[in-house]
K.L.:
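Got a structure for you, questions after.
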Amino acid sequence: QVQLVESGGGLVQAGGSLRLSCAASGRTFSIYFTGWFRQAPGKEREFIAAINWTGDSTYYADSVKGRFTISRDNAKNTVYLQMNSLKPEDTAVYYCASSPNLIPRGRYDYWGQGTQVTVSS
């Protein structure tokens, strides 16, 4: 199994920045893609970004492209989501997840507990 723990959420004003972290443990060798998702109240869970295990392939949802950057530090088994130019509509619970598949928007098997991001206007 893989365990994922997110951190770094909080309250920020519109236009501000936050960096989320996702620390992985367990069978990390089984992870090909690590993805970030978010879910706002009353809305479906939304794919945000994904990065492969080498870090040389990244994917973004159109809603965050140019504002968010996903990266990883394999020495720390940690994936980051740098979020800049935050907007109130970015308010959501953010989750990281891991997938053994070669498809960035495919099935993700393991999920973290989530971290709340609130952007005030």
Side-chain angles (χ1 to χ4, degrees):
Q1 289 197 353
V2 174
Q3 293 79 43
L4 301 169
V5 179
E6 303 98 334
S7 61
L11 173 64
V12 63
Q13 288 188 334
S17 299
L18 281 175
R19 188 177 80 156
L20 305 184
S21 299
C22 173
S25 60
R27 297 171 62 90
T28 57
F29 58 85
S30 68
I31 300 172
Y32 191 80
F33 272 107
T34 300
W36 283 98
F37 298 76
R38 68 186 181 189
Q39 188 166 21
K43 295 188 177 181
E44 292 188 353
R45 187 171 60 200
E46 175 187 17
F47 169 85
I48 295 300
I51 187 168
N52 70 344
W53 73 275
T54 60
D56 59 1
S57 292
T58 57
Y59 302 85
Y60 297 94
D62 288 343
S63 58
V64 304
K65 200 172 294 184
R67 299 188 298 123
F68 291 11
T69 302
I70 190 170
S71 62
R72 69 183 308 136
D73 182 341
N74 284 343
K76 297 181 179 180
N77 283 329
T78 299
V79 170
Y80 303 98
L81 185 68
Q82 177 67 43
M83 306 186 295
N84 298 328
S85 302
L86 283 161
K87 304 174 182 180
E89 51 263 44
D90 293 319
T91 295
V93 178
Y94 284 70
Y95 300 90
C96 69
S98 69
S99 171
N101 302 313
L102 304 183
I103 304 171
R105 299 189 188 217
R107 188 189 81 249
Y108 282 77
D109 294 334
Y110 296 100
W111 294 80
Q113 82 288 352
T115 185
Q116 175 71 45
V117 171
T118 302
V119 184
S120 63
S121 57

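Predicted, not measured: the structure shown is a model, and the values here were computed from it. The residues of the chain are indexed from 1 along the displayed sequence.
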K.L.:
Which atoms form the tightest heavy-atom contact between Val93 and Gly114, and what is the distance?
P.N.:
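Nearest pair, atom of Val93 first, then Gly114: CG1-CA, 3.9 Å.
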
K.L.:
Can you find a heavy atom in the side chain of Leu81 that is under 4.5 Å from one in the side chain of Arg38?
P.N.:
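Side-chain contact under 4.5 Å: no.
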
K.L.:
Could you go through Tyr32 and Leu102, starting from their C-alpha distance and side-chain angles, then the distance that decides it, and tell me whether this counts as side chain to side chain contact (heavy atoms under 4.5 Å, CB included)?
P.N.:
CA-CA 7 Å; Tyr32 191 80; Leu102 304 183; 3.7 Å; yes

K.L.:
With sequence neighbours excluded, tell me which residues meet side-chain contact (heavy atoms from CB on, under 4.5 Å) with Arg105.
P.N.:
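By the side-chain contact (heavy atoms from CB on, under 4.5 Å) rule, Arg105 matches Phe47.
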
K.L.:
Kindly give the heavy-atom pair with the smallest separation between Gly8 and Leu18, and that separation in Å.
P.N.:
O-CD2, 3.9 Å

K.L.:
For the atom pair OG1 (Thr91) and CD (Gln116), what is the distance rounded to the nearest 0.5 Å?
P.N.:
7.0 Å

K.L.:
Go through Val119 and Glu89 one step at a time and tell me if the side chain to side chain contact (heavy atoms under 4.5 Å, CB included) criterion holds.
P.N.:
CA-CA 8 Å; Val119 184; Glu89 51 263 44; over 6 Å; no

K.L.:
Quick check against the 3.5 Å criterion: does Arg67 have a side-chain atom that pairs as donor or acceptor with the backbone of Ser85?
P.N.:
yes

K.L.:
Which atoms form the tightest heavy-atom contact between Gln1 and Gln3, and what is the distance?
P.N.:
CB-NE2, 3.7 Å

K.L.:
May I ask you to check whether over 12 heavy atoms, not counting those of Ile103, lie within 6.0 Å of atom CD1?
P.N.:
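No - once you tally the heavy atoms of other residues, nucleotides and ligands closer than 6.0 Å, there are 12 at most.
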
K.L.:
Evaluate the criterion side chain to side chain contact (heavy atoms under 4.5 Å, CB included) for residue pair Trp53 and Val79; output intermediate values, then yes/no.
P.N.:
CA-CA 10 Å; Trp53 73 275; Val79 170; over 6 Å; no

K.L.:
Which pair of heavy atoms, one from Tyr110 and one from Leu4, lies closest together, and at what distance?
P.N.:
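The pair with the smallest heavy-atom distance is O-CD1, 3.3 Å.
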
K.L.:
For the atom pair OG1 (Thr28) and CG (Asn74), what is the distance rounded to the nearest 0.5 Å?
P.N.:
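Reported value, rounded in 0.5 Å steps: 8.5 Å.
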
K.L.:
If you group Ile, Leu, Val, Met, Phe, Trp and Tyr by side-chain heavy-atom gaps below 4.5 Å, do Tyr59 and Met83 land in one group?
P.N.:
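No, Tyr59 and Met83 fall in different hydrophobic clusters.
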
K.L.:
Taking atom OG of Ser98 and atom CZ of Arg27, what is their separation to the nearest 0.5 Å?
P.N.:
11.5 Å

K.L.:
Is there a path of hydrophobic side-chain contacts, each under 4.5 Å between heavy atoms, that joins Trp36 and Leu86?
P.N.:
yes

K.L.:
Would you please test Ser63 and Glu46 for side-chain hydrogen bond (donor to acceptor under 3.5 Å, both in side chains) and show each step?
P.N.:
CA-CA 10 Å; Ser63 58; Glu46 175 187 17; 3.1 Å; yes

K.L.:
Please report the interatomic distance CZ(Arg72) to OG(Ser21), rounded to the nearest 0.5 Å.
P.N.:
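Between Arg72 CZ and Ser21 OG, I get 13.0 Å after rounding to 0.5 Å.
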
K.L.:
May I ask you to decide if Thr115's main-chain N or O and Glu6's side chain share a donor-acceptor pair within less than 3.5 Å?
P.N.:
no

K.L.:
Assess whether side chain to side chain contact (heavy atoms under 4.5 Å, CB included) is satisfied between Phe33 and Tyr108, documenting all intermediate values.
P.N.:
CA-CA 8 Å; Phe33 272 107; Tyr108 282 77; 3.8 Å; yes

K.L.:
Quick one: side-chain contact (heavy atoms from CB on, under 4.5 Å) partners of Glu44, sequence neighbours excluded?
P.N.:
none

K.L.:
Sub-3.5 Å donor-acceptor pair from the side chain of Thr34 to the main-chain atoms of Ile51, do we have one?
P.N.:
no

K.L.:
Is the distance between the ring centroids of Trp111 and Phe37 under 6.0 Å?
P.N.:
yes

K.L.:
Can you tell whether the side chains of Asp90 and Lys87 come within less than 4.0 Å, N to carboxylate O?
P.N.:
no

K.L.:
Might you point out which heavy atoms bring Leu20 and Gly9 nearest each other, and give the distance in Å?
P.N.:
CD2-N, 3.6 Å

K.L.:
Using the test side-chain hydrogen bond (donor to acceptor under 3.5 Å, both in side chains), find all partners of Thr54 that sit at least two apart in sequence or belong to another chain.
P.N.:
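side-chain hydrogen bond (donor to acceptor under 3.5 Å, both in side chains) check on Thr54 returns Asn52, Asp56.
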
K.L.:
What pair of heavy atoms forms the shortest contact from Ala92 to Ala40, and how long is it?
P.N.:
CB-N, 3.8 Å

K.L.:
Side chain of Tyr60, backbone of Ile70: donor and acceptor closer than 3.5 Å?
P.N.:
yes

